[in-house]
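A, B, ... follow the sequence lines: proteins, then strands. Residue 1 opens every chain. The shown structure was predicted, so the numbers you read here are calculated from the model rather than taken from an experiment.
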There are 2 protein chains.
Amino acid sequence: MELDERKKKILYAIIQNYLETGEPVGSRTISKYTDLNLSSATIRNEMSDLEELGYIIQPHTSAGRIPSDKGYRFYVDTMLTEKEREVEELKGLLLEKDEKMDTLLKRVARVLATNTNYAAMISSPQYHRNKLKFIQLSRIDARQLLAVIVVEGNVIKNSVINVEDALDDETILKLNILLNTHLNGLTMEEINLGMISAMKQQAGIHSEVIADVIDAVAEAIKADEDLEIYTSGANNIFRYPELTDNKERASELITTFEEKQMLGELVQETLADENNTGIQVYIGDEAPVEGMKDCSVVTATYELGEGMKGTIGIIGPKRMDYEKVVATLKTLMNQLDTLYKK
Amino acid sequence: MELDERKKKILYAIIQNYLETGEPVGSRTISKYTDLNLSSATIRNEMSDLEELGYIIQPHTSAGRIPSDKGYRFYVDTMLTEKEREVEELKGLLLEKDEKMDTLLKRVARVLATNTNYAAMISSPQYHRNKLKFIQLSRIDARQLLAVIVVEGNVIKNSVINVEDALDDETILKLNILLNTHLNGLTMEEINLGMISAMKQQAGIHSEVIADVIDAVAEAIKADEDLEIYTSGANNIFRYPELTDNKERASELITTFEEKQMLGELVQETLADENNTGIQVYIGDEAPVEGMKDCSVVTATYELGEGMKGTIGIIGPKRMDYEKVVATLKTLMNQLDTLYKK
DNA sequence: TATTAGCACTCAATCTATTGGAGTGCTAAC
DNA sequence: GTTAGCACTCCAATAGATTGAGTGCTAATA
């Protein structure tokens, strides 16, 4: 048995109705709502077929039908290809270039959450492909050095290095030159261990101290450790009884938002997806995050200049307003894009 | 009518029983549990008095009694003065000096939450009294300067400054000297506007550019904006039906944990309390945070070296195990103290 | 005078029918 | 292939009935 055109229409109508009401939908409703001009009995037959095909589910005998994950998948796929709802206005978002990265991201998360009434997350941009722009060691103390590393896009990292023997100004100057000549202009990936050991050799005399220093610098350079994730609107899950009626589940969800590492997987997966059409939808089990089996997740990859990629995600119930969410995300991406071009 | 010794004993017993069970406690229970050897009828009379005095409440006729906020207050006060439960072990906390501040604080929050089964928060230490240790401007680009500010205790702040006209190395050197001679060794509070304008004057020639630079430095120095607050265990509220049965309230609480600014007030209030015995208990309305009317909050001020003060808080239901929480907090403070002394 | 036993009363919580209605599946007719 | 009709199912809501923990009051007791 295949999905003919009529079945598709009916399935679409069922899901749309369910998204609106959150209640199981019966044959009579569809018979009246759609312009198919079919009696409820006919719809019933078709629904029976759709259930057999796995697109819809009956919570119990004598109840209407609700979409299965497969059904949602059908809906999302056809929706994304066929419809192109004009982009909505994003309320309350004013982006300014000078804003600091973290406050900007926090604000974006909040605006997304309040505009959609779902939970929102946003990851700080990863800058793997970016070039090292500036390295500097300074002495702040007899026994302490400060390493400042600046990457293109003005991402800055600091690291305090404890040294056993005091270094004189000249040594520090030499080290600075050594570091900059070797490393400047390189991307994170181009810096390898061989290079570092070569530098250690060149540094020669103070090898003990210098090894420490270079190690610390290498440590500071490692990018992946500062994948920051900001969330907002976790409280929105309380709007959807199917997510909060079971307290275990609710607690699990809240934990996921609070202990953000788990969301990290979502970020990785979204970024990894190469044939990236921009927006991805995970329904139920499809999401790579434990404890989101009852949710749907819509993610998007944003870009703030070359190589500065991050992930945005909206987490809500399966019956979320996919159209609106997708439209909202698209608006946002546009805004972030213009922001960078300014 | 006053609280005689017997009434106190009964009240104490009622509250303790309620803390254990979470159920309204009746006269018969008290009659059996305590060693007062009084019949339930007598207890009833006493309870009637206690209710009149406002220490306990009857949720409805023919129900047992539960403590009022005033009752809790009595309990906490007598408990804190009389009992000194030996300090419990804190499971899973290994503090190391070299750990970065933010990961340290996150871990402390998590350990507190898992040890107590309540929600925990911890604020980054405020360093008002700390001295400026090191300031440096560097050029990272024709049009961009990087300001690095280090404060005693190795708190580091960066700020990228855009300048219209390129500065030559000499100017930057001069600026560095100017900044360091004027500001080094000063506390945040000792730096005032008069001083800054004096510096602007001295800088003289490049006044336009220099004004920008000094403004940016002043901006970066402002301490209050980086009051970071870390939370953990928000999900624990689901353990206590009285906090989550009403979804509105639950949602409000979760929001408070997620949007951490509100917790900031708690931090301010705790730090402000001068006659600080170390640990404070807020019951219901007493807490300065909206949306915690059904909660109790236990806060403590920790100190990591002179002037580096921060706030720890445990948020749970009113019927929390105050003794355990207080003991746990005390252990923690000890550990933080030893950590600093190392 | 303080304490207690005894009893009537109250009220939330729990259980048990009972009912109404939304919805289905099936069959027979169109 | 479509539809009307009907018996059937099952949830959800409602209304009693029942239970039990707990109270307040009174009268007896130490």
(Q) Would you say that more than 12 heavy atoms from the other residues, nucleotides or ligands in this model lie under 6.0 Å from the CZ of B:R73, or not? (A) yes

Q) Quick one: bend of the helix from C:dT1-D:dA30 to C:dC30-D:dG1 from 5 pairs per end, to 10°? A) 20°

Q. Is any side-chain heavy atom of A:P288 closer than 4.5 Å to a side-chain heavy atom of A:Y282?
A. yes

(Q) Whether the B:S232 and A:E259 side chains hold a donor-acceptor pair (N or O, under 3.5 Å, no angle test) is what I'd like checked. (A) yes

Q. Does any residue of residues 52-62 of chain A have a heavy atom under 4.0 Å from DNA chain C, and if so, which ones, in number order?
A. A:Q58, A:S62

Q. Considering residues at least two apart in sequence or located in another chain, which fulfil the side chain to side chain donor-acceptor pair (under 3.5 Å) criterion with B:D69?
A. B:K318

Q.
Under a 3.5 Å distance rule, please check whether A:K70 uses its side chain to pair with a backbone N or O of A:L53 as donor and acceptor.
A. yes

Q: Might you confirm whether atom CZ of A:R319 has over 12 heavy atoms from other residues, nucleotides or ligands at distances under 6.0 Å?
A: yes

Q.
According to ring pair (Phe, Tyr, Trp, His ring centres under 6.0 Å), who are the partners of B:Y75, at least two apart in sequence or on a separate chain?
A. B:Y12

**Q.** Within 6.0 angstrom of A:K9 NZ, more than 12 heavy atoms from elsewhere
**A.** no

(Q) Listing request: all salt bridge (charged side-chain N to carboxylate O under 4.0 Å, His left out) pairs with a residue in residues 37-64 of chain A, at least two apart in sequence or in separate chains. (A) A:R6-A:E46, A:K7-A:E46, A:K7-A:D49, A:E51-A:R65

Q: Starting from C1' on C:dA2, measure out to CD1 on B:I43 and report it in whole angstrom.
A: 13 Å

Q: May I ask you to list the residues of residues 240-250 of chain A, by number, that have any heavy atom positioned under 4.0 Å from an atom of DNA chain C?
A: none

Q) What are the two closest non-hydrogen atoms of A:G54 and A:S68, and how far apart are they? A) O-OG, 2.7 Å

Q) Mind checking whether B:V281 and B:L80 have side chains closer than 4.5 Å, heavy atoms only? A) yes

Q: Report yes if a side-chain nitrogen or oxygen of B:R6 is closer than 4.0 Å to either non-bridging phosphate oxygen (OP1 or OP2) of C:dT3; otherwise report no.
A: yes

Q) Are side-chain N/O atoms of B:T331 and B:T328 paired as donor and acceptor at under 3.5 Å? A) no

Q: Can you sort out the partners of A:Y230 under ring pair (Phe, Tyr, Trp, His ring centres under 6.0 Å), two or more places apart, ordered by chain and number?
A: none

Q. Can you name the residues that form a salt bridge (Lys or Arg N to Asp or Glu O under 4.0 Å) with A:K247, not counting sequence neighbours?
A. B:D245

Q | Side-chain heavy atoms of A:I14 within contact of A:I56, under 4.5 Å | A | yes

Q. Going 5' to 3' along DNA chain D, which nucleotides are the first and last within contact of chain A (any atom under 4.0 Å from a heavy atom)?
A. D:dT2 to D:dC11

Q | Among B:I237, B:L253, B:T256, side chain to side chain contact (heavy atoms under 4.5 Å, CB included) partner for B:C295 | A | B:L253

Q. In this structure, are over 12 heavy atoms from other groups packed under 6.0 Å from B:M333 atom CE?
A. yes

Q. With sequence neighbours left out, what residues match B:Y240 under ring pair (Phe, Tyr, Trp, His ring centres under 6.0 Å)?
A. B:Y118

Q) Within the structure, does a side-chain N or O atom of B:T42 lie under 4.0 Å from either OP1 or OP2 of C:dT3? A) no

Q: Enumerate the residues from residues 18-36 of chain A whose closest heavy atom to DNA chain D is under 4.0 Å, giving them by residue number; use none for an empty result.
A: none

Q) Just how far, in rounded Å, is C1' of C:dT10 from CZ of B:R44? A) 14 Å

**Q.** Residue closer to the 5' end of DNA chain C, A:M47 versus B:S40 (nearest nucleotide)
**A.** B:S40

Polar pairs (N or O, both sides) under 3.5 Å between protein and nucleotides 15-20 of chain C?
none

